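Below is one structure, written out as structure tokens; comments come after it.
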There are 2 protein chains.
Amino acid sequence: MARTRSEERRAEILRAALEVIAERGYRGATLGSVAERVGLTQQGLLHYFPTKEALLVAVLEERDRWDTSGGRDREGWRLDLLDSLVEYNAMRPGIVQTFSALLGESVTDGHPAREFFTERYAQVRANMADVLRLEYGERLPGGLTPERAAPLLTAVMDGLQYQWLLDPAAVDMPGAFRDFLRLLAGPAEA
Amino acid sequence: MARTRSEERRAEILRAALEVIAERGYRGATLGSVAERVGLTQQGLLHYFPTKEALLVAVLEERDRWDTSGGRDREGWRLDLLDSLVEYNAMRPGIVQTFSALLGESVTDGHPAREFFTERYAQVRANMADVLRLEYGERLPGGLTPERAAPLLTAVMDGLQYQWLLDPAAVDMPGAFRDFLRLLAGPAEA
DNA sequence: CATCACCTACCGATCTACAGGTAGGCGGGT
DNA sequence: ACCCGCCTACCTGTAGATCGGTAGGTGATG
């Protein structure tokens, strides 16, 4: 209760960090610019997060907490919610941009978010496979097993996000994603 | 004839830059480390490329030249070659990593590669659509039009690359891509 | 053939600008 | 009185870029 002032501050800082990372990536982000956004000096910020990397870790952890809560059903998403997740994302370019930028950076050597993303994707693929199995059983109408479809599903989401971020007008992200789901669902048996 | 010494040098530098960008991204790359790799000082490097951004532009232009030549057939790739392109990529983590890192960075504000990627993706989608149309006509077996399938095809390639870069053992990139092509090709009519 | 003008390919020193991080202090609420 | 929240001052490192050179080559000319 009564979230302390300190906790509020931290939350503010994380939100600001999210923004700044979206705009310039992690490497390009500076503590000073994050601090400025919440009306602190850089050193004031370091009072809450002792290093830049600690701040990044906190951002990633919050993300983890976020998508381990909403939109999920105990052990994973439900298929129909995936759809609305993509639509939700389409309304939040900021967050999408943050994590797309981080994902891109994370493939470089020794990036502090690399492990996070590696594990996260393994987990996401497993979740996707579960969701698909629950929906379709061992073989999807399109012919794939859940395990083979999962990486594709994941790839489509990420790939579409990049195209959409680069040129929102050129790609109908939710529509394209639905197209893909229909592809997975296979011949409509009409 | 007799590529001048200078042209050779520039080519060496571009190769080194490609490596360094793969390892640290553009923002993380330093002129000094590129220079070192070709046995120059940072200032010596600046003799060939007057600014860091000029070097990046040259890298991107070379990429453009590269994939506007090999693997393409006049106006685009051929579908069966797409498949081998992915396999080719799977053997060159370095290059894939360079451009995945750059793509990720490019969605941040004012990134010098942003325009390049925006245009490039528009072009790639158009190419893909052409290829698909040539192969299947106005409607793919899976039910999509070439224009709607193109962004998906592109997204799958990119998305798989990230998953693969993060954990090569966890994703069979060429296999997954083939799965997707089969999905597009629709019911085998068997 | 020798000299002068000029170009290419660099390097050393240095400037400017931040960036991340440390040390210590100060004010206000409990 | 104490400690939390935050600041000032400062240090260190590093990055991109400029400046001014030097060494070697090439070509024209007297």
Side-chain angles (χ1 to χ4, degrees), chain A residues 1-60 101-102 105 108-113, chain B residues 1-60 101-102 105-106 108-114:
Chain A
M1 50 187 30
R3 247 161 130 236
T4 74
R5 173 95 186 116
S6 174
E7 278 165 345
E8 268 173 48
R9 265 305 205 198
R10 291 175 69 94
E12 276 179 65
I13 292 171
L14 287 179
R15 204 168 32 73
L18 217 66
E19 286 174 24
V20 174
I21 293 175
E23 286 164 23
R24 322 208 239 174
Y26 171 68
R27 284 203 169 95
T30 76
L31 296 177
S33 61
V34 175
E36 196 182 11
R37 239 166 254 232
V38 291
L40 279 180
T41 61
Q42 185 229 103
Q43 296 81 347
L45 195 162
L46 285 173
H47 172 69
Y48 291 93
F49 300 94
T51 67
K52 187 184 181 184
E53 196 170 325
L55 177 57
L56 174 64
V57 168
V59 166
L60 296 175
L102 283 176
E105 278 182 89
T108 60
D109 294 359
H111 192 282
Chain B
M1 48 183 30
R3 245 160 132 238
T4 74
R5 173 93 187 119
S6 174
E7 279 164 344
E8 266 173 49
R9 261 310 201 196
R10 291 175 69 94
E12 275 179 65
I13 293 171
L14 288 179
R15 207 168 30 73
L18 216 68
E19 288 174 23
V20 173
I21 292 175
E23 286 164 22
R24 319 208 234 168
Y26 171 68
R27 283 204 170 91
T30 73
L31 295 176
S33 62
V34 175
E36 197 182 11
R37 242 167 251 233
V38 291
L40 278 180
T41 61
Q42 187 229 104
Q43 300 83 333
L45 196 163
L46 285 174
H47 172 69
Y48 290 94
F49 300 94
T51 67
K52 189 185 182 185
E53 196 171 323
L55 176 58
L56 174 63
V57 168
V59 166
L60 295 175
L102 284 177
E105 279 183 88
S106 76
T108 61
D109 294 359
H111 193 282
R114 172 153 202 162

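Hydrogens, waters and symmetry mates are skipped; everything else that's a heavy atom, side chains included, is used. All values derive from a computational prediction rather than experimental measurement. Each chain gets a letter, A, B and so on, in the order the sequences are listed, and its residues count up from 1.
Rounded to whole Å, the distance from CD on E8(B) to P on dT8(C) is 18 Å. In this structure, the CG atom of L55(B) is 10 Å from the P atom of dA17(D), given to the nearest Å. At whole-Å resolution of the value, CZ in F49(B) and C1' in dG16(D) are 16 Å apart.
Atom CD of E53(B) is separated from atom OG1 of T51(B) by 6.0 Å, given to the nearest 0.5 angstrom. Atom CG of L18(A) and atom CG of L14(A) lie 8.0 Å apart (nearest 0.5 Å).
Electrostatic pairing of R9(A) and E12(A) counts as a salt bridge here, judged by a charged N lying under 4.0 Å from a carboxylate O.
When all heavy atoms of I13(B) and V34(B) are compared, the closest pair comes out as O-CG1, 4.0 Å.
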Counting primed atoms, P, OP1 and OP2 as sugar-phosphate and everything else as base, the B/S/- map of nucleotides 9-24 of chain C against protein heavy atoms under 4.0 Å is BBBBB-----SBBB--
Polar atoms only, N or O, under 3.5 Å: list the protein pairs with nucleotides 27-30 of chain C and their distances.
none

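When atom types are taken as modelled, the side chain of E105(A) and the backbone of Y26(A) share a donor-acceptor pair closer than 3.5 angstrom. In terms of modelled atom types and a separation under 3.5 Å, the side chain of R15(B) and the main chain of V38(B) share no donor-acceptor contact. The backbone N or O of H111(A) sits nowhere less than 3.5 Å from a side-chain atom of T108(A) that would complete a donor-acceptor pair.
At most 12 heavy atoms of other shown residues, nucleotides or ligands fall within 6.0 angstrom of atom CD in E36(B).
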